[in-house]
Amino acid sequence: MSLEERIKEVNKRIEQACLRSGRSAEEVNIVAVTKYVSTAMVDKVLGSGLKHVGENRWQNAQEKWDTLGDRGTWHFIGHLQTNKVKDVIGKFEYIHSLDRLSLAKELEKSAASHGLVIKTFLQVNISGEDTKYGLAPEEAASFLKEIQSFPHIQVIGLMTMAPFEEQMENTRAVFRGLRELRDELNRTGVTKEPLTELSMGMSNDFEVAVEEGATWIRLGSILVGKEEEE
Ligand SMILES: *Cc1c(COP(=O)(O)O)cnc(C)c1O
């Protein structure tokens, strides 16, 4: 399948998931995850009408960003080491992986020195697997309170990763859990602005994530492919 065909197919599946759950497809944004592919492929992705690209390691992203940075909106989706913050600030508009106070402090310092506000998702480990990064759900409220005083960090929502499941349906509880946590945090009003966004769903499980309220889905293999398939 060509990139255009894959985009069409993914959009169709998003629309169907929205129909099943009474949502509007306009609420669902796609982050094209380009970590498996070359700069030339990212060029094609940005030429296809997709605007948002996601990378999980600065080392892999650097050449792509240096070549194509101004043509897209960049999302940092992987675990972010504190000593890499200075590399990504000012380049990546969104960080999907805010998961600890030391990272928040470094982001605040770096964003302040660039005179910008960085949009972030709080990463939450809903499934509780110890191989996954993220705060425990019960830590989210106090963490958000603690970083209220960081004016250069704007938390716009929550992010999670579901375990890999053969049956997509088995991921539903994780995605629902993230949505319910967001709604609960909004009810108790721990943030000045309500958290509107949910970053959840990947190639293997995005339809269930959309049904459960995802506003950002992060699609690599199913959409962008892997380089050896090109
Ligand atoms: C790689 C990656 C994705 C995309 O994975 P696919 O299964 O290829 O869609 C999404 N989110 C994160 C955090 C990733 O590291």
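Order of appearance sets the numbers: ligands from 1, and atoms from 1 within every ligand.
Distance from atom 12 (C) of ligand 1 to its nearest protein heavy atom, with residue and atom name: Ile77 CD1, 3.5 Å. Scanning the protein heavy atoms around atom 6 (P) of ligand 1, the nearest turns out to be Ser203 OG, 3.4 Å.
At distances below 3.5 Å, at least one donor-acceptor pair connects side-chain atoms of Lys91 with backbone N or O atoms of Asp87.
Under the side-chain contact (heavy atoms from CB on, under 4.5 Å) test applied with Ile147, the options Val155, Thr120, Leu107 reduce to a single match, Val155. Partner His52 forms a ring pair (Phe, Tyr, Trp, His ring centres under 6.0 Å) with one of Trp216, Phe76, Trp74 and no other, that one being Trp216. Tested against Glu207 for a salt bridge (Lys or Arg N to Asp or Glu O under 4.0 Å), the candidates Arg172, Arg23, Arg13 yield a single pass: Arg13.
Counting heavy atoms from C-beta on, the side chains of Arg218 and His96 come closer than 4.5 Å. Between Ile14 and Phe206, the closest side-chain pair of non-hydrogen atoms falls below 4.5 Å.
Annotation for ligand 1: atoms under 4.0 Å from non-hydrogen atoms of Leu219 are 9 (O). Less than 4.0 angstrom separates some heavy atom of Arg218 from each of these atoms of ligand 1: 4 (C), 9 (O), 10 (C), 11 (N), 12 (C), 13 (C). Atoms of ligand 1 found under 4.0 Å from any heavy atom of Ser221 (numbered from 1 in listed order, with element): 6 (P), 7 (O), 8 (O), 9 (O).
Residue contacts with ligand 1: Ile222 is excluded, as none of its non-hydrogen atoms falls under 4.0 Å. Within the 4.0 Å heavy-atom shell around ligand 1 one finds Tyr36.
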Next item on the list: I would like to know whether Phe143 and Leu122 meet side-chain contact (heavy atoms from CB on, under 4.5 Å); could you show each step before the answer?
Entry: CA-CA 9 Å; Phe143 185 89; Leu122 201 64; 3.2 Å; yes
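Here the shortest heavy-atom distance to atom 2 (C) of ligand 1, taken over Met161, Lys35, Met202, belongs to Lys35.
Neither the backbone nor the side chain of His96 has any atom closer than 4.0 Å to an atom of ligand 1 (non-hydrogen atoms only).
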